[in-house]
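Below is one structure; the comments refer to it alone.
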Amino acid sequence: LPGSFWWEEERYTDGSKWRFLEHKGPVFAPPYEPLPGKVKFYYGGKPMKLSAPAEEVATFFAKMLDHEYTTKDIFRKNFFKDWRKEMTSEEKSVITDLNKCDFSDMSEYFKAQSEARKQMSKEEKQKIKEENERLLQEYGFCIMDNHKERIGNFRIEPPGLFRGRGDHPKMGMLKRRIRPEDIIINCSKDSKHPKPPPGTKWKEVRHDNKVTWLASWTENIQGSIKYIMLNPSSRIKGEKDWQKYETARRLKKCVDRIRAQYREDWKSKEMRIRQRAVALYFIDKLALRAGNEKEEGETADTVGCCSLRVEHIKLYPKLDDQEYVVEFDFLGKDSIRYYNKIPVEKRVFKNLQLFLENKQPEDDLFDRLNTSILNKHLQELMDGLTAKVFRTYNASSTLQQQLKELTCSDDSIPAKILSYNRANRAVAILCNHQRAPPKTFEKSMQNLQNKIDEKQNQLSAARKQLKAAKADHKASHDDKSKKAVEMKRKAVQRIEEQLMKLQVQATDREENKQIALGTSKLNYLDPRISVAWCKKFGIPIEKIYNKTQREKFAWAIDMADKDYEF
DNA sequence: TACTTGACTTAGAAGGAGGCTC
DNA sequence: GAGCCTCCTTCTAAGTCAAGTA
């Protein structure tokens, strides 16, 4: 039906995001259920009954007891400070030392609970599933204009202990419970407004169609605003995503000019221009993030390009057999380490030496530059150009080029998928998308190796049988033995294929140990490249995108043909 | 211009669902 | 049918960037 897809509709050009918005409001975290009397908290070895508020916060800690977090000084200090705020004055006077607190009984209780949940009967599990489904149907969708859309996060974040990434100064602080009185609702005037839970009120109900969120609240750790927004499959998200890739494609058209420009700027008389040009070179070549300034002490100490400090790079005029090598070593977003040694042009190297002159390790490398200056410059070079567009452009363009290079049309489907994953991996490495090696990695690798060994044995057995059958046929020359030879030949072939498949799988998994492919697939790779590749080589799209991903990229799957070029 | 706030995208970890194997 | 493993979904933190404010 024409017009049934959002990507075939006209877009708003006045900056408004919708005309009609109706939803049921968020789902709140369930209220705290006090522990059964038999579950004890001990202080200095003696059991102690806690008031409900103090007990609730204690359970947050108890639930994390097996986690490394609870051993960290900052976590413990922040937790204890916030926990004491929830105690009665009597509790406060008794509980003065976290080291004397014993949460182990509580921890055991929660472990048993979770074990019991796993042991539930099919029927009980089914009941829970149905209840979740009911909640999803009731609160998980909204009407935006003429579409029923899935909401991304309709549940309010439950209270708990803040878990920052890396060395976060606020780890362990109490994330307080969010009440209806904290929530701002956004919906259209002419919609049926969501009702707050009985006996409560919303903080505010507003009708702002210049934004896309349905509800928001202010979080107490950083004081930032959290939102309830739509799912990636929605029109409002999909349209923006599509637009993002179109901007990256426009960059493709003028990137040569921009590169020529920044290379020219390396020679500028003005320091600020040279810094801008070297930074842009890093952003383009290494896919570094922009690097906004951060408030010290509020978050973990991480940097991006513009916020690099002297201590984050080392210069080697000569290293092994290469000249003008820059070594990067810093913590980026999510405190993921970026480590890379790259040879650069002499002019870049000389500039870097100059930027480092008379500076301390903790000084900014680019002291005349920040993201705002950089983005203003980029805006002048191309409409809509910002630092992050380079990441999108370089990621998508790498995927397309790698797919061209790695795919052999004669390969089997599993071999082609390995090629796809390798192309995807090249992007993930470029963007530094890392993950902790899965806890079961070694074991699962060993399992796979066992399967391969077994398959190898099967293969030699099958080959022996084939040889015997051949000999048999040579001796007898009858039809029956001829058929037997054919059968054995096919068996060998089948096992060879299975073995190949297993070996491919092992390679893929090994190469993926510390690399996360999902982030680039979801956020940086123009989905039309993958769709076109699937169509060109007859790969079912399900092999590349799972259900959620197909929903998010429905527009691309519908739009791109086999000849699509990024 | 410097700084703050708000809205939105990008990120890895954790937990859960469901498929596979014995 | 249980246990295991893998992959998917959910969760929410941590970025980017533009607009507003002093």
Side-chain angles (χ1 to χ4, degrees), chain A residues 15 17 63-64 67 69 114 117-119 121-122 125 128-129 132 136 140 152-158 160 162-166 168 170-171 175 184 186 208 210-213 216 218-219 221-232 236-237 240-241 243-244 289-295 298-300 302-307 331-336 370-376 378-379 384-389 391-392 395 428 431-436 438-441 443-445 447-448 451 505 509 514-524 545-549 551-552:
Chain A
K17 308 291 172 72
K63 282 177 182 168
M64 292 178 75
H67 203 287
Y69 273 119
S114 108
R117 225 170 301 132
K118 276 183 213 153
Q119 295 303 323
S121 70
K122 246 191 197 150
K125 282 183 181 168
I128 292 176
K129 211 176 147 188
N132 279 332
L136 173 68
N153 55 326
F154 59 93
R155 285 167 204 274
I156 300 281
E157 294 171 20
F162 176 76
R163 307 153 85 122
R165 309 265 170 90
H168 197 116
K170 300 197 170 184
M171 64 166 77
K175 245 176 72 162
I184 302 174
N186 193 32
D208 180 359
K210 297 280 188 278
V211 297
T212 67
W213 52 267
S216 72
T218 301
E219 152 270 351
I221 304 289
Q222 329 264 359
S224 66
I225 308 171
K226 300 250 179 165
Y227 303 92
I228 288 187
M229 289 187 185
L230 297 193
N231 191 69
I236 205 111
K237 294 287 184 188
K240 198 85 184 293
D241 206 36
Q243 203 178 87
K244 172 181 79 186
R289 295 187 185 83
N292 284 310
E293 299 101 300
K294 302 171 75 186
E295 216 175 327
E298 291 294 298
T299 57
T302 63
V303 297
C305 187
C306 294
S307 51
L331 297 182
K333 180 174 178 181
D334 292 317
S335 293
I336 299 288
N370 60 40
T371 54
S372 164
I373 296 172
L374 179 65
N375 280 333
K376 267 181 199 132
L378 293 175
Q379 189 57 238
L385 187 61
T386 61
K388 84 187 185 81
V389 178
R391 259 167 93 81
T392 312
C431 294
N432 201 230
H433 291 144
Q434 298 187 36
R435 61 167 182 177
K439 285 192 182 73
T440 54
F441 184 83
K443 205 169 131 211
S444 89
M445 221 45 214
N447 285 347
L448 193 54
K451 273 192 198 167
Q505 212 186 343
R509 197 179 296 176
Q514 303 197 66
I515 315 271
L517 299 186
T519 303
S520 50
K521 203 176 194 175
L522 238 43
N523 300 301
Y524 289 102
Y545 291 136
N546 67 34
K547 187 168 145 279
T548 315
Q549 294 164 340
E551 281 166 11
K552 168 166 178 171

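In what follows, chains carry the letters A, B, and so on, assigned in the order in which the sequence lines appear, proteins first and then strands, with residues in each chain numbered from 1. These numbers were taken from a predicted model, which means no experiment stands behind them.
- Taking atom CZ of residue A:Arg289 and atom P of nucleotide C:dA13, one finds them 18 Å apart after rounding to whole Å.
- The local environment of NZ in A:Lys210 is crowded, with over 12 non-hydrogen atoms from other residues, nucleotides or ligands closer than 6.0 Å.
- Relative to the axis of its first five pairs, the axis of the last five pairs of the helix from B:dT1-C:dA22 to B:dC22-C:dG1 sits at 0°, rounded to 10 degrees.
- The listed nucleotides are B:dA14, B:dG12, B:dA7; the one nearest the side chain of A:Arg163 is B:dA14.
- When heavy atoms are screened at a 4.0 angstrom cut-off, A:Tyr524 is found touching the sugar-phosphate backbone but no base atom.
- Residue contacts for A:Thr302: at a heavy-atom cut-off of 4.0 Å it reaches the sugar-phosphate backbone alone, with no base atom in range.
- The nucleotide whose nearest atom lies closest to any side-chain atom of A:Ile225 is, among B:dA13, B:dT9, B:dG6, B:dG6.
- Rounded to whole Å, atom P of C:dT16 lies 15 Å from atom CG of A:Leu385.
- Under the side chain to side chain contact (heavy atoms under 4.5 Å, CB included) rule, A:Trp213 has a single partner from A:Met229, A:Lys17, A:Lys226, which is A:Met229.
- Rounded to an integer number of Å, the gap from A:Lys552 NZ to C:dT10 P is 14 Å.
- Counting any heavy atom pair closer than 4.0 Å across all strands shown, A:Pro232 reaches no nucleic acid atom.
- In this structure, A:Glu295 atom CD and C:dA14 atom P are separated by 14 Å, rounded to whole Å.
- Residue A:Gly164 is in sugar-phosphate contact alone, with no base atom involved, counting any heavy-atom pair closer than 4.0 Å across all strands shown.
- Within the nucleic acid shown, A:Gly152 has no heavy atom closer than 4.0 Å to any nucleic acid atom.
- A:Asn370 has its CG atom 12 Å from the P atom of C:dC17, to the nearest Å.
- Regarding contacts with the backbone of C:dG15, a side-chain N or O of A:Lys294 is found under 4.0 angstrom from either OP1 or OP2.
- A donor-acceptor contact shorter than 3.5 Å links the side chain of A:Lys552 to the backbone of A:Leu522.
- Comparing A:Tyr69 and A:Lys388 by the nucleotide of DNA chain B that holds the closest heavy atom to each, the one mapping nearer the 5' end is A:Lys388.
- Residue contacts for A:Ala300: at a heavy-atom cut-off of 4.0 Å it reaches no nucleic acid atom on any strand shown.
- Residue-to-nucleotide proximity on DNA chain C shows that, of A:Asn153 and A:Asn546, the 5′-proximal contact is made by A:Asn546.
- When the C1' atom of B:dC8 is taken as reference, atom CD of A:Glu219 falls 16 Å away, rounded to whole Å.
- Contact annotation for A:Arg165: base contact, defined as any heavy-atom pair under 4.0 Å involving a base atom.
- In terms of position along DNA chain C, the nucleotide closest to A:Gln549 lies nearer the 5' end than the nucleotide closest to the other residue of the pair A:Gln549 and A:His168.
- Among the nucleotides C:dA18, B:dG16, B:dA11, the one closest to the side chain of A:Asn375 is C:dA18.
- Put simply, the side chain of A:Asp241 never gets that close to the backbone of A:Lys237: no donor and acceptor are under 3.5 Å apart.
- Side chain of A:Glu219 to backbone of A:Ser224: a donor-acceptor contact under 3.5 angstrom is found.
- Within the nucleic acid shown, A:Lys175 comes within 4.0 Å of sugar-phosphate atoms alone, with no base atom in reach, counting heavy atoms only.
- Listed pair A:Ser216 / B:dA7 fails the phosphate criterion, with no side-chain N or O lying under 4.0 Å from OP1 or OP2.
- Across B:dG12, C:dT16, B:dA14, the shortest atom-to-atom separation from the side chain of A:Asn292 is found for C:dT16.
- For A:Asp334 and C:dT12, the CG to C1' distance is 11 Å, given to the nearest whole Å.
- No side-chain donor-acceptor contact under 3.5 Å links A:Ser307 and A:Lys294.
- Judged purely by atom type and a 3.5 angstrom limit, A:Tyr69 uses its side chain to pair as donor or acceptor with the backbone of A:Gly164.
- Across A:Thr302, A:Thr299, A:Asp334, a single residue satisfies side-chain hydrogen bond (donor to acceptor under 3.5 Å, both in side chains) together with A:Arg165, and that is A:Asp334.
- When each of A:Lys17 and A:His67 is assigned the nucleotide of DNA chain B with its nearest heavy atom, A:Lys17 is the one assigned upstream, toward the 5' end.
- For A:Lys237, the listed nucleotide lying nearest its side chain is B:dT9; candidates were B:dT9, C:dA14, C:dG15.
- Look at CZ on A:Arg391: it is 12 Å from C1' on B:dT9, rounded to the nearest Å.
- Here the nucleotide nearest the side chain of A:Thr386, chosen from C:dT12, B:dT9, C:dA18, is C:dA18.
- Residue A:Thr212 is classed as a sugar-phosphate contact, given heavy-atom separations below 4.0 Å to backbone atoms only.
- As judged by a 4.0 angstrom heavy-atom cut-off over every strand, A:Lys521 is placed among residues making no nucleic acid contact.
- A:Gly332 comes within 4.0 angstrom of the backbone, heavy atoms only, and of no base.
- Contact annotation for A:Gln434: backbone-only contact, meaning every heavy-atom pair under 4.0 Å involves sugar-phosphate atoms and none involves a base.
- In this structure, A:Phe162 and A:His168 have perpendicular ring planes: the angle between them is above 60°, well past the 30° mark.
- Here the side chain of A:Val211 is nearest to one of B:dT10, B:dC8, C:dC17, namely B:dC8.
- Listed nucleotides: B:dC8, C:dT16, C:dA18. Nearest to the side chain of A:Gln379: C:dA18.
- A:Asn375 places a side-chain N or O within donor-acceptor distance of the main-chain N or O of A:Ala387, the cut-off being under 3.5 Å.
- Closest to the side chain of A:Lys226, out of C:dA18, B:dG12, C:dT12, is C:dT12.
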